[in-house]
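Proteins come first, then strands; the chains are lettered A, B, ... in the order of their sequence lines, and each starts at number 1.
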4 protein chains.
Amino acid sequence: MTWREELREQRRARILDAAATVFARRGYQRATMKEIATEAGIAPGTIYLYFANKRDLLLGIADQLITRPVDRQLADVASLSAEDYVAAILRERIRFARQNQPFLQALVTEIWTDQELRVRFFSQVIGPLLGTGARYLQERVAEGKLRPCRIEVVVPAVAGSIVILAAMRALLPNGVLPKLSDDELVDELTRLYLYGLSTGP
Amino acid sequence: MTWREELREQRRARILDAAATVFARRGYQRATMKEIATEAGIAPGTIYLYFANKRDLLLGIADQLITRPVDRQLADVASLSAEDYVAAILRERIRFARQNQPFLQALVTEIWTDQELRVRFFSQVIGPLLGTGARYLQERVAEGKLRPCRIEVVVPAVAGSIVILAAMRALLPNGVLPKLSDDELVDELTRLYLYGLSTGP
Amino acid sequence: MTWREELREQRRARILDAAATVFARRGYQRATMKEIATEAGIAPGTIYLYFANKRDLLLGIADQLITRPVDRQLADVASLSAEDYVAAILRERIRFARQNQPFLQALVTEIWTDQELRVRFFSQVIGPLLGTGARYLQERVAEGKLRPCRIEVVVPAVAGSIVILAAMRALLPNGVLPKLSDDELVDELTRLYLYGLSTGP
Amino acid sequence: MTWREELREQRRARILDAAATVFARRGYQRATMKEIATEAGIAPGTIYLYFANKRDLLLGIADQLITRPVDRQLADVASLSAEDYVAAILRERIRFARQNQPFLQALVTEIWTDQELRVRFFSQVIGPLLGTGARYLQERVAEGKLRPCRIEVVVPAVAGSIVILAAMRALLPNGVLPKLSDDELVDELTRLYLYGLSTGP
DNA sequence: GATGAATGAGTGTTCATTCAT
DNA sequence: CATGAATGAACACTCATTCAT
């Protein structure tokens, strides 16, 4: 990449960060291009040198979230015990949610009303996430390490748990929720999803 | 309540229904007072005789969602087996989500950015829902019917599963998700949350 | 027409007049909706209750110019002498140009670049004007009162004379052009187009 | 002129040509400096090394149109017959319109609203054109070759014919107007303006 | 001299809200 | 009480112009 292209890419990323921050703060509709520009430290018109329009910013944020590195990382843990394995998945998901929090929150207000954004988000983020989950679950079941189950229910259920727990942490004022370390959270969920709530065998 | 007040209350409810429908369809920001008025079969100006402004409609929708009937219903099932009991909770939550779908979807876009709305929603809807869940879980654990666990993790996790599954059903185009009856869904979740995914005892 | 519709029609006409005035003064592109609103004595937003957008104002002005009454008026003069007849045509054209001067001038800046406006203008204004001219010329030639000629050249030529003379009067600062009454102008043009410039028979 | 100045003059002319082309295509207001720069094969900023601003380009185009060569050419035909003489004038005007079509069309949208441009255009283009026409007409009348007439009416009338015929050719889609060679056009106009439309002597 | 990225003032349009009828 | 025409503040986007490289 030439020096010129690199600078351009940096500027673009900077604008995208600013947009995610403002979208997360105000929601997509209430966010103004002026506020995004201020957040990025540039003039409003400059944004349009990098993005066609406001909505293109939103789609750019969605594109940023492509979940490639997940598969590679999880591949390393294929030989772990069931406990460690489920815990690894959960930990990875929590990390992803935390790292991309402003980007995810920037999208969430428009996901419900914007068809194209929803399709992109599902095909680029949710789909791959559920996909890897489903694939590994299937393999473990085939190996006999986990019991047979309806994957199309279990995988979204597990994912949903994390999403809601992450959302509650992000949205609720501090102190409402009891503080819990990530490890404790992961432990508890691992136990829940491996052994359930029934009283022993 | 006088005859006058009753009529007024009916009109108010009618407007609130219309607002929920339009908010669910377009999202709060894109919804126009004109469209809401048309949906309610009245003139735009009339809305302001019942609500102070657009946002007041949203808060009114949140107030509408108070989760009263839940407790009563669940009280009747206190003597059931663990399976039937968990299934009953899940079934009740699904019913609630389906019945109030436009109201819930109307709120969802603004929950993330509107502090007051969020507080109202959590204190009136989410809080009570989690509260009843927590209370019953606690009682069952005390009775020895379920194992001890971190309630503040388990209850949101279960609730989150349902929310995400409901959201996916509502948002994704038909055919993407395998069709599943409510009973099958409830069965699978009951099994998951009672016995987990591990292979046998 | 009901009282409501009449009021609406009046308002619409008032806005159209204001738009024509401002377009004539500034040209279509430089004219702002705010200035048009001020000229009409209303708020900017009100314009949009009567016209979809700025361009719709321009098309509305073009529609205003439909040249229906011309035929009827000229029909009365079918029995006149050649002199009186040509003079009548010329006088009618000058009257039309003068009466609709702001409307015509409002259109002229955009005619050159706006395909649809051009088509409307030609089919509704220029076409009919040239059409009646051509028809009467043809009849007079058939009657032997005027000599055979290429109508598609002569009619636009005559029309063009009037347009340019009207434009020069409208655009040039007073005093540059020698003052000339309409009658003198019509006399001179009649002589020109009936007998030409050659020195007698 | 030094080598430096010559190069600069060439560059200036190149920009002026590009500007005329783009102004003719889009109209002055819709034309962007970027498009003009692209048309000229340079960067937008470079234009400002040769012209103070966008409007200066327009004035530059008007200045380009000075009608010098006309007089010289017509001087050679002073001894022709009336027919040939009028035909020569007409032919020269048509040639001028055709040769400078983009330049003329570039000016036309702004002539109506820009006082200074209008003055320049009239003093440098229209004025001289009408002036030569008037002078020669006067001389011919003095010689007794043409009849006495109001020159301030006849000359603009003749000029207007050509302008309108040229504009109709330029603006209307092909096929609407019957095709006519320049010679046929000139013949017909010559006949019209020398002998008029009346039947016989 | 030439470049083209950055600027920011300016505009068409929307829509929540008001108020005369 | 109900209406809906009128309002005008707010905002996305454009583009002439500047200036650091």
May I ask which nucleotide in the shown strands pairs with E:dA20, Watson-Crick or G-U wobble, both distances under 3.5 Å?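 Pairing partner, where one exists within any strand: F:dT3.
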Which one is paired to F:dC13, where only Watson-Crick or G-U wobble pairs with both distances under 3.5 angstrom count?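 Matched F:dC13 with E:dG10 under the 3.5 Å cut-off.
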Closest of E:dT3, F:dC11, E:dA16 to the B:K54 side chain is E:dA16
Nearest listed nucleotide, side chain of A:N53, among F:dC13, E:dT7, F:dG8: F:dC13
[X] [atom1] to [N] [atom2]: how many Å, rounded?
X     : N      : atom1 : atom2 : result
B:F23 : E:dC15 : CZ    : C1'   : 13 Å
A:I42 : F:dC13 : CD1   : C1'   : 14 Å
C:R26 : E:dG10 : CZ    : C1'   : 14 Å
C:I47 : E:dT14 : CD1   : P     : 13 Å
C:D56 : E:dT14 : CG    : P     : 12 Å

If you assign each of C:R11 and D:K34 to its closest nucleotide in DNA chain F, which residue comes earlier from the 5' end? C:R11
Identify, between A:M33 and B:R4, the residue whose nearest nucleotide on DNA chain F lies closer to the 5' end.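 Counting from the 5' end, the first nearest nucleotide belongs to B:R4.
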When you measure from the side-chain N and O atoms of [X] to the phosphate of [N], is any distance below 4.0 Å, counting only OP1 and OP2?
X     : N      : answer
D:T32 : F:dC15 : no
D:R30 : F:dC15 : no
D:R8  : E:dG1  : yes
C:Y48 : F:dT7  : no

C:E35 and C:R30 ion-paired at < 4.0 Å: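 No salt bridge links C:E35 with C:R30.
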Which part of the nucleic acid, if any, lies within contact of [X], taking any heavy atom under 4.0 Å across all strands shown: a base, the sugar-phosphate backbone alone, or nothing?
X     : value
A:Y50 : sugar-phosphate
D:A52 : nothing
B:L49 : base
D:A31 : sugar-phosphate

Treating C:R120 as the side-chain partner and C:A62 as the backbone partner, does any N or O pair qualify as donor plus acceptor under 3.5 Å?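 Not a single qualifying donor-acceptor pair exists.
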As an exercise, state the distance from CG of C:L107 to CH2 of D:W112, rounded to the nearest 0.5 Å. 11.5 Å
Rounding to 0.5 Å, atoms CG (C:D63) and CD (C:Q124) come to a distance of 4.5 Å
Comparing B:P44 with D:P44, nearest DNA chain E nucleotide closer to 5' gives the residue D:P44
Does B:Y28 have B:K54 sitting over its ring (NZ/CZ under 6.0 Å from centre, angle to axis within 45°)? yes
